S.K.: 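First the structure, which I've put down as structure tokens, then a few questions once you've had a look.
This one's a predicted model, so the numbers in the text were calculated from it and none came from an experiment.
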Amino acid sequence: MKCEVKKAEGNVSTVMQFVLLGFSDLSNLQGFLSGVFSIIYIIVIIGNSLIIILTRLDPALQKPMYFFLANFSLLEISYVTVTLPRMLVNLWTQDRSISLLGCATQMCFFLTLGATECFLLIVMAYDRYVAICNPLHYPLVMNQKMCVQLAVGAWIIGIPIQIGQTATVFSLHFCNCNQINHFFCDIPPIIKLACGDTSVHEMSVYAVTMLFAAVPFILILASYSKIISTILKLPTASGQAKAFSTCSSHLLVVVLFFGSATITYLRPKSYHSAGTDKLLSLFYTILTPMFNPMIYSLRNKDVIAALRKLLLKK
């Protein structure tokens, strides 16, 4: 593919349109990939929508933990919808072009929803911390007003910073090529296209990643160390098993999401490779949202019971 650039002053060129290469190198597997990703998208929509419906309809799930889980499921649907439909259109039509504005919009929504996921996972960890470490105060601390405030805060807290981050990235001059070797507009592959010194922009990416990923991850691990310590002090094995079952699902999701995302954004530019970046991005943008409903439902007796009641009614 030819690089489409518009000449500006001097030797600098301004890109007016990008080309998302995606999986174009796998030319013989385009049909197969479109089928696989279509199925994954359907699973994500149905699985997460089912959790939202169950938490709304079943009286046994009218608890803070499931209120946050419903928010998390809605977030996962939104998160996947930012990247996957565009990738499917590219696979179906083989038209991989995306405008500068379209690319910036996709990145902004992707980063904002990613920040929301980081903070929502903190909120969910805090909910489990209060429930297990301070059970007598749980109804008072996690009242309806507090739950709504925490959820709204998680949804909006990253918006101004991620808008600024997107504006910073697209203030660069892209003078070499307009071909993004990725399946969506992410920061590392776009910075690779920039000419001139990008060290300041890379440092800003590291700083934002530390704020929205590394620090929340450390706080969540700290809270879970306290939770596990409290669980081990419970007098009965059944009590320990019940407490572990409510926390293990969340902890597994935390490790899967933060592990792959942190590796992607905190690696030095010299260590980035297109293949590795795509694989890691697939993991936390598509595969994790697909597995989340299974992780939370299969390991949660309340959700399984609610699903059985819903199916029996039908």
Side-chain angles (χ1 to χ4, degrees), residues 44 47-48 51-52 55 61 63-83 109-133 138 141-142 146-159 161-162 208-228 231 243-266 280-300 303:
V44 170
N48 286 285
I51 287 181
I52 295 171
T55 55
L61 301 184
K63 301 174 183 176
M65 179 173 75
Y66 300 110
F67 170 74
F68 294 129
L69 181 57
N71 273 269
F72 190 69
S73 294
L74 177 61
L75 172 64
E76 295 294 62
I77 292 173
S78 306
Y79 195 53
V80 174
T81 301
V82 170
T83 58
F109 275 101
F110 175 77
L111 294 177
T112 301
L113 292 172
T116 298
E117 181 150 354
C118 292
F119 284 103
L120 195 54
L121 287 171
I122 289 181
V123 169
M124 294 169 76
Y126 176 70
D127 171 69
R128 291 299 84 207
Y129 171 80
V130 177
I132 293 172
C133 299
Y138 184 70
V141 175
M142 300 304 291
M146 174 62 77
C147 290
V148 171
Q149 288 175 341
L150 288 171
V152 171
W155 278 95
I156 68 173
I157 193 170
I159 293 175
I161 294 178
Q162 298 300 2
V208 172
T209 303
M210 290 296 293
L211 177 64
F212 286 102
V215 172
F217 185 46
I218 292 170
L219 291 175
I220 290 172
L221 291 181
S223 68
Y224 268 98
S225 66
K226 179 64 176 175
I227 289 171
I228 292 171
I231 290 174
F244 269 123
S245 68
T246 61
C247 296
S248 57
S249 301
H250 180 246
L251 191 56
L252 179 58
V253 170
V254 165
V255 172
L256 290 175
F257 176 77
F258 278 107
S260 55
T262 303
I263 292 171
T264 298
Y265 292 103
L266 288 184
L280 287 170
S281 297
L282 277 175
F283 206 82
Y284 68 84
T285 61
I286 296 174
L287 296 181
T288 302
M290 181 183 71
F291 288 126
N292 282 348
M294 304 175 203
I295 292 171
Y296 280 109
S297 60
L298 294 178
R299 299 183 62 85
N300 190 300
V303 175

S.K.: Could you tell me which non-hydrogen atom of Ser73 sits nearest to which non-hydrogen atom of Ile51, and how far apart they are?
M.R.: OG-CG2, 3.3 Å

S.K.: Rounded to the nearest 0.5 Å, what separates atom SG in Cys118 from atom CD1 in Ile220?
M.R.: 8.0 Å

S.K.: Of all the heavy-atom pairs spanning Ile157 and Ala154, show the shortest one and how long it is.
M.R.: CG2-O, 3.9 Å

S.K.: Looking at residues at least two apart in the chain, or sitting in another chain, which of them share a side-chain hydrogen bond (donor to acceptor under 3.5 Å, both in side chains) with Tyr79?
M.R.: none

S.K.: Does any non-hydrogen side-chain atom of Phe291 lie less than 4.5 Å from one of Leu252?
M.R.: no

S.K.: To check you understand the geometry: which heavy-atom pair defines the closest contact between Tyr66 and Val303, and what is its length?
M.R.: CE2-CG2, 3.8 Å

S.K.: Nearest 0.5 Å, please: how far is CD1 in Ile132 from OH in Tyr224?
M.R.: 7.0 Å

S.K.: Of all the heavy-atom pairs spanning Val215 and Leu211, show the shortest one and how long it is.
M.R.: CB-O, 4.0 Å

S.K.: Could you tell me the separation between the CZ atom of Phe212 and the CZ atom of Phe119, rounded to the nearest 0.5 Å?
M.R.: 5.0 Å

S.K.: According to the side chain to side chain donor-acceptor pair (under 3.5 Å) rule, which pairs have a member within residues 115-126, sequence neighbours left out?
M.R.: none

S.K.: Do Val208 and Gln162 pass the side-chain contact (heavy atoms from CB on, under 4.5 Å) test, and can you show the C-alpha distance, the side-chain angles, and the key distance before you say yes or no?
M.R.: CA-CA 9 Å; Val208 172; Gln162 298 300 2; 3.9 Å; yes

S.K.: Using a cut-off of 6.0 Å, state whether more than 12 heavy atoms not belonging to Tyr138 lie near its atom OH.
M.R.: yes

S.K.: With rounding to the nearest 0.5 angstrom, report the CD1 to CZ distance, Ile218 to Phe258.
M.R.: 10.5 Å

S.K.: What residues, two or more places apart in sequence or in another chain, satisfy side-chain hydrogen bond (donor to acceptor under 3.5 Å, both in side chains) together with Glu76?
M.R.: Asn292

S.K.: Let me confirm one number: the CG-CG distance from Leu150 to Asp127, rounded to the nearest 0.5 Å.
M.R.: 9.0 Å

S.K.: Which is it for Trp155 and Leu75 under the side-chain contact (heavy atoms from CB on, under 4.5 Å) test, yes or no, and what are the steps along the way?
M.R.: CA-CA 9 Å; Trp155 278 95; Leu75 172 64; 3.9 Å; yes

S.K.: Contact between Phe217 and Leu121 at the side-chain level, heavy atoms closer than 4.5 Å - yes or no?
M.R.: no

S.K.: Distance check, rounded to the nearest 0.5 Å: Thr55 atom OG1 versus Asn71 atom CG?
M.R.: 9.0 Å

S.K.: Looking only at heavy atoms, what is the nearest atom pair of Pro289 and Asn48, with distance?
M.R.: O-ND2, 3.4 Å

S.K.: Using side-chain contact (heavy atoms from CB on, under 4.5 Å), reason through Met142 and Phe67 one step at a time and then give a plain yes or no.
M.R.: CA-CA 11 Å; Met142 300 304 291; Phe67 170 74; over 6 Å; no

S.K.: If you compare all heavy atoms of Val80 against all heavy atoms of Val44, which two are closest, and at what distance to 0.1 Å?
M.R.: CG2-CG1, 3.9 Å

S.K.: Please check: side-chain N/O of Thr112 versus main-chain N/O of Gly158, any donor-acceptor pairing under 3.5 Å?
M.R.: no

S.K.: So Leu256 and Ile295, side-chain contact (heavy atoms from CB on, under 4.5 Å) or not? Walk me through it.
M.R.: CA-CA 11 Å; Leu256 290 175; Ile295 292 171; 4.1 Å; yes

